[in-house]
Amino acid sequence: MQNLNLKNADYLKALRQEKTAKTPIWIMRQAGRYLPEYRKIRAQAGSFMGLCTNPELAAQVTLQPLERFDLDAAIIFSDILTIPDAMGLGLNFKEGEGPIFTHKIKNLEDINNLIIFDPCEKLSYVMEAIKLTKQHLKPSIPLIGFSGSPWTLACYMIQGQSSKDFSEPKKMLYTNPGLLHQLLKLLTQAVTDYLLAQIQSGVDSLMIFDTWGGLLTPHAYEHCSLFYMAQIIQNIKSQYPSMPITLFTKGGGLFLENLFNSGADCVGLDWTIDIKKAREINLNRTALQGNLDPCVLHGTEDQIHQEVSRILSQAGAHPGHIFNLGHGITPEIDPGKVKFLVDLVHSMSAHYHE
Ligand code: CP3
């Protein structure tokens with residue numbers, strides 16, 4: 001049972017489109033390499049996966065940005081690729097190159113070889129990190145759990161590594177759609193089980209990262225990405241009807257109508273669509289999260305001020321806006337700019353909530 005403090009947290013209120021005194025803010029990848037204290041713990045862990053699989057250290061880096069900045073939510077420190085790793089694909093992060101799998105999915109045999117796992121066992125390190133984080137997090141700050149979308153996970157599993165265009169999964173979509181859908185179905189179950197386990201471990205809201213949904217045609221998006229995310233939402237809501245769920249499709253600006261009808265409580269926007277336009281299409285069906293271009297943080301305080309002001313005025317007075325970047329913060333950003341941003345959003349937004 002959530003305590004009253006938490007129920008009244010601005011972030012959770014905004015997800016329910018309830019009035020808040022100011023616009024809540026958190027930042028995608030808020031625990032990350034732009035923070036010197038993160039780099040220190042990361043070095044201590046030896047590797048990125050070493051950090052993810054060490055619950056004490058993962059909890060510690062989850063809390064780091066909240067010690068520095070007046071953020072309205074924490075997100076558990078982990079990665080979306082823990083699922084394919086648990087399924088036996090063998091995940092490594094090469095410095096400067098991103099994730100690489102030892103095995104990738106090419107055919108039916110590869111799918112049949114995937115391990116069907118219990119997240120409470122195989123990903124117990126994530127559940128432990130959640131429990132530890134909740135013990136140390138201020139009781140008024142919600143903790144976000146997350147997963148990749150089935151399509152985005154399938155992209156990495158079929159390609160075997162990061163890519164700009166993910167040509168391999170896209171090729172499979174047109175040469176062997178049956179095989180692709182078999183994988184997506186299996187991932188839908190794995191993501192459902194993983195998110196349910198995160199809820200049972202103590203997270204207060206969920207976010208699904210569909211980083212590569214924007215690579216698809218509208219038709220393929222609906223059938224390969226959104227359909228499975230909507231199933232996951234249904235699965236979660238059948239057990240936890242009031243658990244708030246945010247969907248974020250990068251490049252999803254043209255798919256907003258479908259996203260707003262998915263059953264999600266909140267839709268994350270990247271920076272390629274005006275939040276005002278999104279609001280007009282939205283008709284108060286969901287809350288909205290976003291949508292500052294992360295590169296704005298390279299700019300001066302004046303430029304940040306200008307962009308924040310633009311977004312807040314476009315989002316307008318209706319409750320249900322959670323300020324965020326349109327994608328993850330990058331390693332070279334000055335943490336001082338993040339503090340400036342967080343405080344600015346809080347102080348400037350009060351005016352819209354009178
Ligand atoms: O937001 C947070 O603070 C929570 C932590 C988090 C990470 N990854 C930590 C991370 C979350 C929510 C993710 C999600 C994730 N991981 C996504 C979806 C969101 C997005 O960014 O589109 C994706 C596609 C991944 C896969 C992934 N993980 C890639 C492609 C990379 C390499 C790119 C890079 O930035 O180096 C990662 C590594 C990763 N995940 C880092 C962090 C802090 C950096 C690695 C390091 O510390 O060495």
Side-chain angles (χ1 to χ4, degrees), residues 25-54 57-66 68-69 71 73-85 89 91-101 126 129-130 133 143-157 159-164 166 169 191 194-195 198 203 205-215 225 229 246-252 268-271 289-290 294 322 324-333 335 338:
I25 173 170
W26 69 278
I27 287 169
M28 286 200 258
R29 294 261 176 108
Q30 62 192 23
R33 286 166 294 182
Y34 74 105
L35 291 177
E37 59 270 35
Y38 169 86
R39 296 197 295 270
K40 197 170 154 205
I41 302 289
R42 162 89 161 66
Q44 196 181 322
S47 67
F48 174 67
M49 279 313 281
L51 178 50
C52 287
T53 54
N54 182 322
L57 296 184
Q60 212 174 316
V61 295
T62 300
L63 296 165
Q64 282 175 344
L66 287 110
R68 257 189 196 256
F69 315 119
L71 294 159
I75 179 162
I76 190 64
F77 186 82
S78 188
D79 200 83
I80 62 165
L81 300 178
T82 52
I83 286 187
D85 188 44
L89 292 191
L91 174 61
N92 287 293
F93 280 86
K94 286 231 170 96
E95 214 61 58
E97 282 178 50
I100 299 191
F101 287 105
V126 178
I130 290 171
T133 302
L143 180 63
I144 306 168
F146 70 88
S147 169
S149 71
W151 163 252
T152 292
L153 294 178
C155 277
Y156 286 100
M157 293 168 80
Q159 192 78 28
Q161 61 185 71
S162 279
S163 160
K164 282 202 175 68
F166 286 91
V191 169
Y194 184 43
L195 293 177
Q198 292 186 41
V203 301
S205 88
L206 295 172
M207 175 150 166
I208 300 176
F209 288 91
D210 184 34
T211 307
W212 301 115
L215 295 176
S225 185
M229 294 197 288
T246 298
L247 290 191
F248 169 65
T249 292
K250 187 162 165 281
L269 306 172
D270 67 14
W271 61 89
Q289 178 176 280
I322 293 138
N324 205 319
L325 307 184
H327 200 209
I329 189 167
T330 47
E332 61 279 6
I333 297 301
V338 176

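One is the number of the first residue; the rest follow in order along the sequence. Each ligand, and each atom within it, is numbered from 1 in the order the structure gives. Side chains are part of it too, since the values below use all heavy atoms of this structure and drop only hydrogens, waters and symmetry mates.
- Each of the atoms 18 (C), 19 (C), 20 (C), 22 (O), 24 (C) of ligand 1 lies under 4.0 Å from some heavy atom of Thr211.
- In the vicinity of Phe146, heavy-atom distances shorter than 4.0 Å reach the ligand 1 atoms 11 (C), 12 (C).
- Proximity of a side-chain donor or acceptor of Gln198 to a complementary backbone N or O of Phe146 within less than 3.5 Å is detected.
- The CD1 atom of Ile80 sits 11.5 Å away from the CD1 atom of Ile208 when rounded to the nearest 0.5 Å.
- Close approach of ligand 1 to Ser162 (heavy-atom distance below 4.0 Å) involves ligand atoms 30 (C).
- Side chain of Asp270 to backbone of Lys250: no donor-acceptor contact under 3.5 angstrom is found.
- Nearest non-hydrogen protein atom to atom 29 (C) of ligand 1 is Pro99 CD, 3.7 Å.
- Taking atom 40 (N) of ligand 1 as the reference point, the nearest protein heavy-atom neighbour is Asp79 OD1, 2.8 Å.
- Atom CG of Leu91 is separated from atom CD of Gln161 by 12.0 Å, given to the nearest 0.5 angstrom.
- Atom CD1 of Ile144 sits about 5.0 Å away from atom CD1 of Ile75, to the nearest 0.5 Å.
- To the nearest 0.5 Å, atom CD of residue Glu332 and atom CZ of residue Arg33 are 9.0 Å apart.
- Every atom of ligand 1 with a heavy atom of Ile80 under 4.0 Å away is listed here by number and element: 14 (C), 15 (C), 16 (N), 17 (C), 23 (C), 24 (C), 25 (C).
- Of the protein's non-hydrogen atoms, Arg42 NE, 3.3 Å is the one closest to atom 46 (C) of ligand 1.
- Taking the six-membered ring for Trp and the full ring otherwise, Tyr156 and Phe101 have centroids separated by 6.0 Å or more.
- Every atom of ligand 1 with a heavy atom of Ile76 under 4.0 Å away is listed here by number and element: 4 (C).
- Which parts of ligand 1 touch Ala31 is read off a 4.0 Å heavy-atom cut-off, strictly below it: atoms 3 (O), 43 (C).
- Between His327 and Trp271, the angle of the ring planes lies from 30° to 60°, which puts this pair in the tilted group.
- The protein heavy-atom contact nearest to atom 20 (C) of ligand 1 is His327 NE2, 3.1 Å.
- A pairwise comparison of heavy atoms in Pro335 and Pro36 identifies CG-CD, 4.3 Å as the closest pair.
- The backbone N or O of Trp26 sits less than 3.5 Å from a side-chain atom of Asn324, completing a donor-acceptor pair.
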Report the C-alpha separation of Ser225 and Trp212 in whole Å, then their side-chain angles, then the decisive distance to 0.1 Å, and conclude whether the side chain to side chain contact (heavy atoms under 4.5 Å, CB included) test is met. CA-CA 9 Å; Ser225 185; Trp212 301 115; over 6 Å; no
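- Closest protein heavy atom to atom 45 (C) of ligand 1: Phe48 CD1, 3.6 Å.
- Looking only at heavy atoms of the protein, atom 37 (C) of ligand 1 is closest to Phe93 CE2, 3.3 Å.
- Distances from ligand 1 to the non-hydrogen atoms of Tyr38 include at least one value under 4.0 Å.
- For ligand 1 and Gln30, the ligand atoms under 4.0 Å from any heavy atom of the residue are 1 (O), 2 (C), 3 (O).
- Protein heavy atom closest to atom 34 (C) of ligand 1, with residue, atom name and distance, is Arg33 NH2, 3.0 Å.
- When the heavy-atom distances from atom 24 (C) of ligand 1 to Tyr156, Trp26, Phe209, Phe77 are ranked, the shortest goes to Tyr156.
- When heavy-atom distances to ligand 1 are checked against a 4.0 Å cut-off, Leu51 has no atom that comes that close, whether in backbone or side chain.
- Residue pairs meeting the salt bridge (charged side-chain N to carboxylate O under 4.0 Å, His left out) criterion with at least one partner in residues 37-52, sequence neighbours excluded, are Glu37-Arg68, Arg42-Glu95.
- Nearest-heavy-atom check against atom 33 (C) of ligand 1 across Glu97, Arg29, Lys94, Met28 picks out Arg29.
- At a heavy-atom distance under 4.0 Å, only backbone atoms of Ser78 (N, CA, C or O) approach ligand 1.
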